[in-house]
Amino acid sequence: MDRRHPGDSTDRKTADRGEEGETLDSRDTVKELLKDPCDCGYSADTTVMNGDGLHVQTEEAESKPEESGDTEQGEEQEVIVIQDTGFTVKIQAPGTEPFDLQVSPQEMVQEIHQVLMDREDTCHRTCFSLQLDGNVLDNFAELKSIDGLQEGSLLKVVEEPYTVREARIHVRHIRDLLKSLDPSDAYNGVDCNSLSFLSVFTDGDLGESGKRKKGSELEQIDCTPPEHILPGSKDRPIVPLQPHNRDWKPMQCLKVLNMSGWNPPPGNRKMHGDLMYLYLVTVEERHVSITASTRGFYLNQSTTYTFNPKPASPSFLTHSLVELLSQISPAFKKNFTALQRKRVQRHPFERIATPFQVYSWTAPQVDHAMDCVRAEDAYTSRLGYEEHIPGQTRDWNEELQTTRELARKNLPERLLRERAIFKVHSDFAAAATRGAMAVIDGNVMAINPGEDTRMQMFIWNNIFFSLGFDVRDHYRELGGDAAAHAAPTNDLNGVRAYGAVDVEGLYTLGTVVVDYRGYRVTAQSIIPGILEREQEQSVVYGSIDFGKTVVSHARYLELLEKTSRPLKVQRHAVLSEKDQPVVLCSSVECKGIMGNDGRHYILDLLRTFPPDLNFLTVEGEELSPESQRHGFPRPHRHRLACLRQELIEAFVEHRYLLFMKMAALQLMQHKASKENRAGPELALPESSAALTVPATKPASTTTESKPASTTTESKPAATVPESAPDSTVQESSPVSTVPDSTVPESGPDSAPPEVSSPAAPESAARDDAATVNLATTNGSLPPTAATENGECVSPLEGKEAEESIPGLAQAKELALSLAAGDGSGIDPRSREVVLNACRAVGSISLTSFDIRFNPDIFSPGVRFPDDSAEEILKQKQLLRDSAAFLVSCQIPSLVKDCLDHSALPMDGATLTEALHQRGINVRYLGNVLEFIDKTPARAQLDHLYKIGISELITRCAKHIFKTYLQGVELSALSAAVSHFLNCFLSSFADAVAHLPADELLSRKRNRRRRNRVPGGGDNTAWASLTPGELWKNISSEAHNYYHYSLKCESVDQAVERYALQKITLLREISIKAGIQILIKEYNMDSRHKPAFTEEDILNIFPVVKHVNPKASDAFHFFQSGQAKVQQGFLKEGCELISEALNLFNNVYGAMHVEICACLRLLARLNYIMGDHQEALSNQQKAVLMSERVLGIEHPNTIQEYMNLALYCFANGQLSTALRLLYRSRYLMLLVCGEDHPEMALLDSNIGLVLHGGDGVALSHHLVARVYESKAEFRSALQHEKEGYTIYKNQVGEGHEKTKESSEYLKHLTQQAVALQRTMNEIYKNGSNASIMPLKFTAPSMASVLEQLNIINGIIFIPLSQKDLETLKAEVQRRQQLQEFGRSDEQPDNSPLELDDKLPVDD
């Protein structure tokens, strides 16, 4: 197979982007750079890392009908096919010794180029070809397709003549090498650079150079934690967030490297081969002018004011600029060599670009150095001129759609396709972000310049930009500007959903939503031909006026029909303006446009999911009593509030269980009545046909701290509603649990329901009277089953719930037989059972379970034909039920998960993620807080309540900040932002804004340009904001938007009343609003002066939302691996997860949040299986990656630091383990404060590493240690006595812990006496006496490690080989039982709890 680089067309363009001089992106070629000694080297996985990661699980399954039937073995087999064994080639470069390079047959020649440009001894070469036996190799050829290339072949690096393009690439590459240790790009948020500080705490790489310290050396280690992280410390400094990195000390190689003012060469010099001229100043202050010619670089005789292109004497001509500079500047030679040595010593993960830009909310004051490449970028390829450079722009739409069209029949093709899709998406997101900023900064000309600025639209770099304002009253009936602001994110969710279903022939636009400086910009790729014709002519499906005129199209219906099942969208008819019924399979706003390229595009997907009735007041419509009890419906700012996809999935799954339960109950009644009449038994032929089951995906997964339990194959799909009172049915009938995964597929577009964990409604629900009260021939169902719709009662665990419903297996078999369609031999009464159950749960089909939603219900202006009235009523009821399900099931389920710590949000982002996983929109935040307040276990939820309140306050502040910023001139931006932060966080009551100097303002007014930034007047209204007014606005915003009453009128009241931290609020508002502040200590409690000045505001960054394309095959491997681990097959699980890692790397490159989760799980498995060194290596990569792709203080990063500390300790690196734990504690204090459940775990870890012990006694002992280290022996003795008493009472005097504590008390007393004696001596004889150094007693490493394992959830239980065999046999027996779904063999005992028997990650 000729596998070109992701979508040939795409990456040739990338490789040839001229002026930007970018060679192939290092993300694609990083494999070589990261060659790892072990094959499960750097790894990958998707659990709950990023919000979007959770969206996609089943859509991926649905999107590959042709493959979903494959067995796991089949998939593994496929992988082996492409994992050809690597081989070694020799590389001979000019001026260096030949060296060996390990390569893989499916790599491209281009990737070897990239490796050579990164190696220390060849990094300064860019313009060369690789030759084998005198033949030049094609850069885009795969190594396996090259004749004669084999183990041991010699590849020669041959210098090629330069062109202008190659010369520019060379200069850019040299500049990158000179800047390789400079963090300023990471602070400025450019070129996908981001920060990482792990190496500061580990002194470089842990794997090889980590010094192993034995337990006995503990005495020499300084265990004293920094003052500010000690328990009880009120100090929350910001500066330690970015510790000083010694490597970043600038090593100056050159003072100036610039393009010369003599460019471009005149005609006569071109004919001598001159390409361009450079001007530079060496460290020795020598000013030189250099010619770049086709043959290389040499000094010429030009000066600043005279042009003399003749070579200077002595004349050097070198092919590389580095070689020339090394000859003319000794300082350059010395420093450049040292710099490169340092560069290659850094962990590769510290320097690879991330797929999407990560911004830092704090930065030091960075010196602004002269940089020719940066300047050139700003004025040529990067700003408003980009579209005028011929051959420079990328046709984004063509690239995005072509990659979608790539073949996907087998694994190698799918990997190639997903890699191409991911690459183009990340490039598109970066270009769209740059463009959106250029638009708001006023650097792009509008395509309709005569219109009001709010109505202007822009095209830049083949991307279309529009602003989030209600243009031409388009959204007037839906909420005006508020609706126009919400529509882009709804649309993006629609694009994400359709993209995940991935139907061949149906195309969506590349879409990115950017919030920048108070404006919302939507960036979209452009449909070919759409700009040449009116919208009315283009739209062949849907409506352009919200349903007044509607058209349909057979091909669109056919394509959308395929998305109908996975997205739960019902096919329905609406009336056009001529009262003709028009059939649609989407909302009316969804428009179908045929591009000039013949592709079928859909856009405006803002109503893909049904409306949320809790926030939509409709006259004459009543919500269910459950919703009304919570105060719904509530007025909302706009009428575009939709339910989330996760909620729809969870609701349908919940209904499916209800359906099964009802069928089972009725079957049992039939059976009972038949037995009474001694009639023949019910015949239920087994059928291979499919039960029409919704393709659901887990509505949630467990938290990051439990990666292995994300998905289970062996558990039933979700909990089952509690059956009607036990008296109505006989408990004795045996039931087998048939996992849904054994149900075959129900059609080309759906996959079997996947298994879900907590958020598939944990609580069971009973149906309401309207639904359940169905009279069957045998009489009606027991009335006791009728409670309010969607209401949840008694949570039941999945297995026991299923087993408590007799007749469930028969119900499943019956549903299977009915779906077969032949119906022969089925009792009509059984058919009626299914019919009744279908009616009861609102299924759109009466012969099988199938719930879908009509997204046009309650849309203003949409009318339905009379003959569908009954259907519409049914749909309205479904919407009421799903709205009730959200408040009565999902919110309690979230709070329950937080109570039992299966969900542990730590900051606003992780709380939002937890809400979204369960399908709860953030607009319900007020409800969640009210629910927490009324929970009996309110005290245990204090941490959650605090995070919720600070999220609510900062979101309200962000809403106000958005409109506040719109009225600010660019010149006053830093003054305005600092004033806002003072009003928001400073205790100084009369914060006064500093307006820019008057004379500047007046001169600006005189020559004001016409093309203003949208909405930006000469507005100084922002300066009149006061703290009191801002907090009043925050309270009213909380009341109006979240329906929650905040009882505070100033920041100090908020902090006191809700026990918040100002530093946490500062972090949250900065991240949400894209503010970057100077990293220094701010006194926000001062009542005499404001905390922030305009110098403290360094930058404003965009906040970007985009689609995250997924690696579906890798994800499936990862899930299989997790399932194996849960069944106790650790080795097999480890292999599958390593395989998933390779596939993730193949698709995403080396850096991605899902790879990070994969590495974490792999490290955990390595650790459990005893390979501590490998665990350390994988976890180090996980930490680095988490810092780089999520942020240095993201909750996941904190978690990764804690895991790394455990593995460091296991490897005997004690001081490193402590430093990492102290770093975790500092970050956690900053992010969420002292009282968080995770903090207890962290402190136990610190305590154990410092000494070893357990429980409360341990905590006392830890505090005693700390006091001892500070020589405060009285306090230390007091705490240790407490610990001693606890041990004595709990385990008796003879126990080793009690003895240890007693010994330590003696030791403390001796220390105290010694110190006192020394002090007395000092008083007596002056200061000659010396104070003895403190002595630490060292516990045994093994005992400490055992305790560490326990508190981190890793329990080893010694098992003999025989026990293991028995256990495995038992697990296999149960699997077979489940596969066949037989009910005759009841498990003899309670379910086997694997967690107790084996070391399993929890």
Side-chain angles (χ1 to χ4, degrees), residues 568 570 624-626 648 650-671 691-694 696 717-725 728-729 753 761 763-793 801-802 804-808 810-816 818-819 826-854 870-885 888-889:
K568 318 280 183 286
Q570 188 190 14
S624 72
E626 185 58 32
I648 299 297
F651 176 72
V652 171
E653 185 165 294
H654 166 260
R655 278 291 159 105
Y656 173 60
L657 290 159
L658 209 53
F659 164 79
M660 283 313 220
K661 172 200 143 187
M662 302 194 72
L665 286 176
Q666 291 182 56
L667 272 175
M668 293 313 292
Q669 289 181 348
H670 283 291
K671 194 173 171 191
L691 160 60
T692 326
V693 181
T696 57
T719 55
V720 175
E722 199 177 25
S723 59
T728 55
V729 286
S763 331
R766 312 181 181 191
D767 232 309
D768 73 353
T771 330
V772 180
N773 196 4
L774 294 164
T776 64
T777 43
N778 270 347
S780 60
L781 283 172
T784 38
T787 57
E788 292 310 335
N789 205 322
E791 192 180 334
C792 289
V793 257
E802 274 210 8
S804 71
I805 300 177
L808 197 62
Q810 292 94 315
K812 288 191 177 183
E813 285 189 51
L814 170 63
L816 278 170
L818 279 171
I826 290 191
D827 183 330
R829 210 170 269 167
S830 306
R831 197 181 290 279
E832 190 186 351
V833 165
V834 172
L835 178 97
N836 287 339
C838 283
R839 277 208 189 116
V841 297
S843 167
I844 58 169
S845 153
L846 291 180
T847 55
S848 59
F849 177 89
D850 191 359
I851 287 187
R852 303 186 198 189
F853 292 84
N854 176 345
E870 189 188 338
E871 190 54 53
I872 299 304
L873 284 173
K874 210 180 199 183
Q875 282 291 331
K876 287 182 175 175
Q877 186 57 42
L878 264 182
L879 286 180
R880 285 190 206 100
D881 293 352
S882 41
F885 172 73
S888 66
C889 266

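As a basis for the values below, the full set of heavy atoms in this structure was taken, side chains included, without hydrogen atoms, waters or symmetry mates.
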Distance from K874 atom NZ to Q570 atom CD, nearest 0.5 Å?
8.5 Å
If you measure from NZ on K568 to CG on D850, what distance do you get to the nearest 0.5 Å?
8.5 Å
Q666 and V833: which non-hydrogen atoms are nearest, and at how many Å?
OE1-CA, 3.8 Å
S888 to E626 - nearest heavy-atom pair and separation:
CB-OE2, 3.2 Å
Would you say that L878 contacts N854 through its side chain, given a criterion of any heavy-atom pair below 4.5 Å between the two side chains?
no
In terms of heavy-atom contacts, S843 and S848 come closest through OG-O, 3.0 Å
Measuring from L846:CG to R831:CZ, what's the distance to the nearest 0.5 Å?
12.0 Å
Please name the pair of heavy atoms, one in G842 and one in R655, separated by the smallest distance, quoted to 0.1 Å.
N-NH1, 4.4 Å
Please round to the nearest 0.5 Å and tell me the distance separating atom SG of C838 and atom CD1 of I851.
9.0 Å
Do the side chains of L835 and R839 get nearer than 4.5 Å, heavy atoms only?
yes
Grab the two heavy atoms, one from F853 and one from L879, that are nearest each other, plus how far apart they are.
CD2-CD2, 3.8 Å
Output for pair (Q875 CD, R880 CZ), nearest 0.5 Å, gives 11.5 Å
So which atom in M662 and which in A840 form the shortest heavy-atom distance, rounded to 0.1 Å?
SD-CB, 3.5 Å
Nearest-0.5 Å distance, CG of residue L657 to CE of residue M660:
8.5 Å
Parallel under 30°, tilted from 30 to 60°, perpendicular over 60°: which one fits the rings of Y656 and F849?
perpendicular
